[in-house]
Colleague: 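Have a look at this one.
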Amino acid sequence: QIVKRACQVAGLLHTSQDPIDADTALALDLLGLEILELAAEGIVLGTVSRTTLTLVAATATYTLPSDTIDVYVGSDNVIGTIVPSSGGETRAYAMSRHEYVEMADKTSQATPTRVYVEKGIASVTATFWPIPPTSPCAFRYQRIRLGYDITPTSVTPDVPRQRQKALVWSLAYDLATTKVMPVERVRLLKDERDRLKTLA
């Protein structure tokens, strides 16, 4: 839909037409570059999803899924909930690295109440305290993950609604310059692209 609208805005299609495969492939490549450019500007497109992590007895640290960039921390420093197999649900609170390092006893076992999330270069890990006991339990949390890559097989890219119109006009500008459209139209597309990017 973004590709079709961008082709129409660029003047490559009439409103009743669909882009041909070659234009679609080019537009998807350009859209992927637009999203990478946003990341270079410090705007990382991501999404929040509810997730459950099964905790293993006597295991304190877990590596979160590879596309995780952070864990959402809500009001009152609540990072998620611990759900034991027996039922019920208790809050777990976020813990800083300083707090975790200063803990005198890191080996005690009980239902976890604190979670230290460490964002490394290659992965994000979650360390629980106290360590989960022998009975199984789970950690329910909101995972912030990277937006999906733009590829021909990606049906719904992770593009927030407030940024979609700006991306349509940015892509239209890229297509118009690539297809050597008239200078007046390219200039109009650039001005509107810049305005919408600022609003977004």
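Just the heavy atoms: all of them, side chains too, but no hydrogens, waters or symmetry mates, feed the values below.
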Colleague: Check whether Leu167 and Leu13 end up in the same hydrophobic cluster, where Ile, Leu, Val, Met, Phe, Trp and Tyr are linked by side-chain heavy atoms less than 4.5 Å apart.
Modeller: no
Colleague: Going by the salt bridge (Lys or Arg N to Asp or Glu O under 4.0 Å) test, which pairs reach into residues 100-117, not counting sequence neighbours?
Modeller: Glu99-Arg114
Colleague: Kindly work out whether a path of hydrophobic side-chain contacts (I/L/V/M/F/W/Y, heavy atoms less than 4.5 Å apart) joins Val78 to Val73.
Modeller: no
Colleague: Is a side-chain donor or acceptor of Thr51 paired with a backbone partner of Ser49 at a separation under 3.5 angstrom?
Modeller: yes
Colleague: Using 0.5 Å steps for rounding, measure from the CD atom of Glu184 to the CG atom of Leu188.
Modeller: 10.0 Å
Colleague: Which word best sums up how the rings of Tyr62 and Phe128 line up, parallel for under 30°, tilted for 30 to 60°, or perpendicular for over 60°?
Modeller: perpendicular
Colleague: Counting distance only, does the side-chain N/O of Thr68 pair as donor-acceptor with the main-chain N or O of Leu64 below 3.5 Å?
Modeller: no
Colleague: Applying salt bridge (Lys or Arg N to Asp or Glu O under 4.0 Å), can you list everything that pairs with Asp18, at least two apart in sequence or on another chain?
Modeller: Lys4
Colleague: To the nearest 0.5 Å, what is the distance between OG (Ser170) and CD (Glu37)?
Modeller: 7.5 Å
Colleague: What distance separates Leu26 CG from Leu30 CG, expressed to the nearest 0.5 Å?
Modeller: 4.5 Å
Colleague: Holding to salt bridge (Lys or Arg N to Asp or Glu O under 4.0 Å), I want the full list of residues that pass it with Arg187, two or more places apart in sequence or in another chain.
Modeller: none
Colleague: Does this structure show an ion pair linking Arg143 with Asp67, if we count only N-O contacts that are shorter than 4.0 Å?
Modeller: yes
Colleague: Rounded to the nearest 0.5 Å, what separation is found between the NZ atom of Lys119 and the CD1 atom of Ile144?
Modeller: 8.0 Å
Colleague: Looking at every heavy atom in both Trp129 and Ser108, which two are closest together, and how far apart are they?
Modeller: NE1-OG, 3.6 Å
Colleague: Does Val183 belong to the same Ile/Leu/Val/Met/Phe/Trp/Tyr cluster as Val180, with side-chain heavy atoms less than 4.5 Å apart forming each link?
Modeller: no
Colleague: Would Val117 end up clustered with Met103 when hydrophobic side chains under 4.5 Å apart are linked, directly or stepwise?
Modeller: no
Colleague: How many angstroms lie between CG in Leu196 and CD in Gln164, if you round to the nearest 0.5 Å?
Modeller: 12.5 Å
Colleague: Using a 3.5 Å distance criterion without hydrogens, assess whether the side chain of Gln17 forms a donor-acceptor pair with backbone atoms of His14.
Modeller: yes
Colleague: Any idea which heavy atoms bring Leu171 and Ala27 closest together, and the distance?
Modeller: CD1-O, 3.5 Å
Colleague: Compute whether any side-chain donor of one residue and acceptor of the other, for Thr127 and Thr61, lie under 3.5 angstrom apart.
Modeller: yes
Colleague: Please report the closest heavy-atom contact between Ala60 and Ile131, naming both atoms and the distance.
Modeller: CB-CG1, 3.8 Å
Colleague: If hydrophobic clusters are built by linking Ile, Leu, Val, Met, Phe, Trp and Tyr wherever their side-chain heavy atoms come under 4.5 Å apart, do Leu28 and Val9 end up in the same one?
Modeller: yes
Colleague: Salt bridge between Glu34 and Arg163, side-chain N to carboxylate O under 4.0 Å?
Modeller: no
Colleague: Give a yes or no on whether Gln162 atom CD has more than 12 heavy-atom contacts from other residues, nucleotides or ligands under 6.0 Å away.
Modeller: yes
Colleague: Roughly how far apart are Arg50 CZ and Tyr72 OH, rounded to 0.5 Å?
Modeller: 11.0 Å
